[in-house]
Amino acid sequence: MKSAMLGVLASIVVVAAAACEKKPAASGDASKKGVPPATKPITLAVIPKGTTHVFWKSVETGVKQAGSDLGVTIIWKGPLVENDRAQQIQLVEQFVTEGVSGIVLAPLDKQALVGPVKAAGAKKIPVVIFDSALEGAGDGAGDFAAFVATNNRAAGRMGGEYLVKSIGGRGNVLLLRYLVGSASTDERESGFLDAARAQSEIKVISDNQYAGPTPDEAKAKALNMIDQVKEAHGVFCPNESSTFGMLLALRQEQLIGRVKLVGFDSSPPLLAALRAGEIEALVVQNPRRMGYLAVESLVKHLRGEPVEPTIDTGAVLVTKENIDSEEVKKILE
């Protein structure tokens, strides 16, 4: 009888031990079982220079795709037009006060946004600068997690070299600048001038006029300097709105064909003009990729993953001859 009881007790011990082995791990032991601990929800504020140009709408597509792919919340908000520095500063300050996880910013002015970004850093809110540089961005400075943009000087040089070639390597060229303080277009303008001034038979007859933030203002500026435009064999414009404004002025003054135009960025009207031979070439960025990589870089930083301090998103020269190539179609689609 005694031996039978001992046998029953031994069986109970074995069953109990087995049950303990099969018991699920407590939530506090999840990491020990190979299950990653829950990550803190991430909310990013993405502040473009403006929200009306086709370029920014494409950037928004890339930004929101990255948010979806990476499982983060995106707040997309920017000034209506690209000269409202006060509103962009206000937006940065607003999101810092709200305590978002991080900010992705395309600064309208390379100096005016320095203070607000430093304030974000002081609140432990990391910032990725994209599209257009801020003073210190891309040089490893602590205020920025990364700088994501086209190599704008190289892209401007690409446009300048093509314009010089299109007018036969000799003659007058004109630069219609964009806005004072815009680092991205400053670099494109400098790249264009590098290319033009490298040729002894090219003369830059104007490089100190600014188009303003809208196509209408750019057209008005081009018409105000139409005598100089008529003297030029070629014109370079450094962004979507300045290119479209110049195109409208050339049409109005019946200068299409006489004055060759190389512009920057794309939109349906600009691409139609390129196909029609009204524009010689467009230097085109990859705005969706830029938006995606800017968000991805900040998410990696927040999750403790390594991030390259400077990321070049690339640019291509689009002409009537290559507009239907696979490389170009992938960027324009």
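Numbering starts at 1 and runs along the sequence shown.
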Anything under 3.5 Å between a donor and an acceptor, one on a side chain of residues 269-277, the other on a protein residue two or more places apart or in another chain? List them.
residue	atom	partner	partner atom	Å
R275	NH1	D324	OD2	3.3
R275	NH2	D324	OD1	2.9

Side-chain donor-acceptor pairs under 3.5 Å in residues 121-131, sequence neighbours left out?
none

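Residue pairs meeting the side chain to side chain donor-acceptor pair (under 3.5 Å) criterion with at least one member in residues 92-102, sequence neighbours excluded: Q94-E98. Applying the side chain to side chain donor-acceptor pair (under 3.5 Å) test to pairs two or more places apart or on separate chains, those with a residue in residues 144-156 are T150-Q285, N152-R188, R153-D194.
With hydrogens and angles left out, the side-chain atoms of S325 and N322 include no donor and acceptor closer than 3.5 Å. Between T214 and D216, the side chains place no donor N or O within less than 3.5 Å of an acceptor N or O (distance only, hydrogens not considered).
Counting heavy atoms from C-beta on, the side chains of V299 and L44 come closer than 4.5 Å. V295 has its side chain out of reach of K64: every pair of non-hydrogen atoms, C-beta onward, lies at least 4.5 Å apart. M225 places a side-chain heavy atom less than 4.5 Å from the side chain of L174. Annotation: side chain of P268 is in contact with side chain of V54 (closest heavy-atom distance under 4.5 Å).
Between atom CG of residue L108 and atom OG of residue S182 there is a gap of 7.5 Å, rounded to the nearest 0.5 Å. Separation of atoms CD (Q87) and CD1 (I47) is listed at 10.0 Å; rounding is to 0.5 Å. In this structure, CG in L163 is found 10.0 Å from SG in C237, a value given to the nearest 0.5 Å. The structure places CG of D265 at 9.0 Å from OG of S241, a figure rounded to the nearest 0.5 Å. Here the straight-line distance linking atom OG of S184 with atom NZ of K110 works out to 10.5 Å at 0.5 Å rounding. Distance check, rounded to the nearest 0.5 Å: CG of L302 to CD1 of I42 gives 5.0 Å.
Y210 forms part of a hydrophobic cluster together with V180, judged by ILVMFWY side-chain heavy-atom separations under 4.5 Å. Under a 4.5 Å side-chain heavy-atom criterion applied to ILVMFWY residues, the cluster that includes L179 comprises Y178 as well.
When every heavy atom of P48 is checked against every heavy atom of W76, the shortest pair comes out as CG-CZ2, 3.5 Å. Nearest heavy atom pair, residue G160 against residue F192, reads CA-CD1, 3.4 Å. The two residues G78 and L91 have their closest heavy-atom pair at CA-CD1, 3.7 Å. When all heavy atoms of H301 and V307 are compared, the pair lying nearest together is N-CG2, 3.7 Å. Nearest heavy atoms, G169 versus E201: O-CB, 3.7 Å. Shortest non-hydrogen contact noted between N83 and P213 is ND2-CG, 3.5 Å.
A continuous path of Ile, Leu, Val, Met, Phe, Trp and Tyr side chains, each step under 4.5 Å between heavy atoms, connects V46 with L293, placing both in one hydrophobic cluster. M290 and L332 are assigned to two separate hydrophobic clusters, defined by single-linkage of ILVMFWY side chains at heavy-atom distances under 4.5 Å. Following chains of ILVMFWY side-chain contacts shorter than 4.5 Å, one can reach I89 starting from V117, so the two form part of one hydrophobic cluster. Side-chain heavy atoms closer than 4.5 Å link hydrophobic residues (I, L, V, M, F, W, Y) into clusters, and following such links, possibly through other members, connects I279 to V235. I74 and L105 fall into different hydrophobic clusters, where Ile, Leu, Val, Met, Phe, Trp and Tyr side chains are chained together by heavy-atom contacts under 4.5 Å.
Partners of T243 by side-chain hydrogen bond (donor to acceptor under 3.5 Å, both in side chains), not counting sequence neighbours: none found. Residues that satisfy the ring pair (Phe, Tyr, Trp, His ring centres under 6.0 Å) test with F264, not counting sequence neighbours, are absent from this structure. Under the side-chain hydrogen bond (donor to acceptor under 3.5 Å, both in side chains) criterion, D207 pairs with R197, not counting sequence neighbours. The side-chain hydrogen bond (donor to acceptor under 3.5 Å, both in side chains) search around Q209 returns K221, not counting sequence neighbours. Under the side chain to side chain contact (heavy atoms under 4.5 Å, CB included) criterion, T73 pairs with T43, sequence neighbours left out. Annotation: side-chain hydrogen bond (donor to acceptor under 3.5 Å, both in side chains) contacts of S297 (sequence neighbours excluded): none.
Side-chain atoms of E240 come within 3.5 Å of backbone N or O of F55 as a donor-acceptor pair. Without hydrogens or angle criteria, E308 side chain to V148 main chain gives no donor-acceptor distance under 3.5 Å. Remark: the backbone N or O of T313 is paired with a side-chain donor or acceptor of R289 at under 3.5 angstrom.
Within 6.0 Å of CZ on R251 lie more than 12 heavy atoms contributed by other residues, nucleotides or ligands. No more than 12 heavy atoms of other residues, nucleotides or ligands shown are found within 6.0 angstrom of CD on Q254.
Between K329 and E326, at least one side-chain nitrogen of the basic residue sits less than 4.0 Å from a carboxylate oxygen of the acidic one, meeting the salt-bridge criterion. Under 4.0 Å is where a charged nitrogen must lie from a carboxylate oxygen, and between K49 and E82 no such pair does.
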I202 and I167: side chain to side chain contact (heavy atoms under 4.5 Å, CB included), yes or no, with the steps?
CA-CA 10 Å; I202 293 292; I167 63 173; 3.7 Å; yes
CA sep, side-chain torsions, deciding dist, call: L250, V229, side chain to side chain contact (heavy atoms under 4.5 Å, CB included):
CA-CA 9 Å; L250 294 177; V229 174; 3.8 Å; yes
Would you sort out whether E161 and L317 count as a side chain to side chain contact (heavy atoms under 4.5 Å, CB included), showing the intermediate values?
CA-CA 11 Å; E161 289 170 350; L317 187 80; over 6 Å; no
Does the pair K230 and L255 meet the rule for a side chain to side chain contact (heavy atoms under 4.5 Å, CB included), with working shown?
CA-CA 8 Å; K230 288 178 178 178; L255 293 173; 3.9 Å; yes
